[in-house]
Amino acid sequence: MITEIGIVAGDIWHYLDQHGEAKLSDLARGIDKPRDNILMSLGWLAREGHVIVQQFGHDYKVSLKNKF
């Protein structure tokens, strides 16, 4: 499971690098992975300080914290 979380975290990072800030719903459609895996991976990225997650109405906005 840890490996899958890491793979999906990489997919999220690449999606945000290409698209910039995204709503969680758009991100989930864009990377086409199981929603549970996306949420676990996004939590890991947020905990590690790689992404910023902000509530946006009934959804969330996600962006990379530091784009290199």
Side-chain angles (χ1 to χ4, degrees):
M1 193 71 215
I2 294 297
T3 300
E4 183 62 28
I5 290 171
I7 290 169
V8 174
D11 291 345
I12 291 170
W13 195 95
H14 287 292
Y15 182 90
L16 294 173
D17 187 48
Q18 291 177 347
H19 296 90
E21 185 177 79
K23 292 191 300 184
L24 179 58
S25 56
D26 294 336
L27 175 67
R29 278 191 296 275
I31 63 171
D32 194 28
K33 300 288 184 182
R35 187 169 176 84
D36 289 346
N37 288 8
I38 291 170
L39 294 176
M40 288 186 279
S41 301
L42 192 56
W44 178 73
L45 287 168
R47 176 66 177 98
E48 293 292 319
H50 298 295
V51 296
I52 298 170
V53 180
Q54 299 172 306
Q55 190 161 11
F56 181 69
H58 295 291
D59 204 343
Y60 293 90
K61 283 185 179 178
V62 184
S63 60
L64 292 177
K65 187 169 186 179
N66 294 319
K67 189 171 181 179
F68 299 98

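All residue numbers in this chain count up from 1 along the given sequence.
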CG of Leu27 to CZ of Arg35: how many Å apart, nearest 0.5 Å?
9.5 Å
Any side chain to side chain donor-acceptor pair (under 3.5 Å) involving residues 45-60? Give me the pairs, sequence neighbours left out, ordered by first then second residue.
Ser25-Asp59
Verdict with reasoning, Leu39 to Leu24, per side-chain contact (heavy atoms from CB on, under 4.5 Å):
CA-CA 9 Å; Leu39 294 176; Leu24 179 58; 3.9 Å; yes
Are side-chain heavy atoms of Trp13 and Val8 found at a separation under 4.5 Å?
no
Looking only at heavy atoms, what is the nearest atom pair of Gly30 and Tyr15, with distance?
CA-CE1, 3.7 Å
Check step by step if side-chain contact (heavy atoms from CB on, under 4.5 Å) holds for Phe56 and Val62.
CA-CA 10 Å; Phe56 181 69; Val62 184; over 6 Å; no
Would you confirm whether Ser41, through its side chain, and Ile5, through its main-chain N or O, come within 3.5 Å as a donor-acceptor pair?
yes
Could you go step by step and tell me if Leu42 and Val51 meet the side-chain contact (heavy atoms from CB on, under 4.5 Å) rule?
CA-CA 8 Å; Leu42 192 56; Val51 296; 4.0 Å; yes
From Leu64 CG over to His14 NE2, what is the distance, rounded to the nearest 0.5 angstrom?
10.0 Å
Listed by chain and number, what are the side chain to side chain contact (heavy atoms under 4.5 Å, CB included) partners of Asp11, not counting sequence neighbours?
Ile7, Ile31, Lys33
At their closest point, which heavy atom of Ala22 faces which heavy atom of Leu16, and how far apart are they?
CB-CD2, 4.0 Å
Flag side-chain contact, heavy atom, 4.5 Å: Glu4 against Asn37
yes
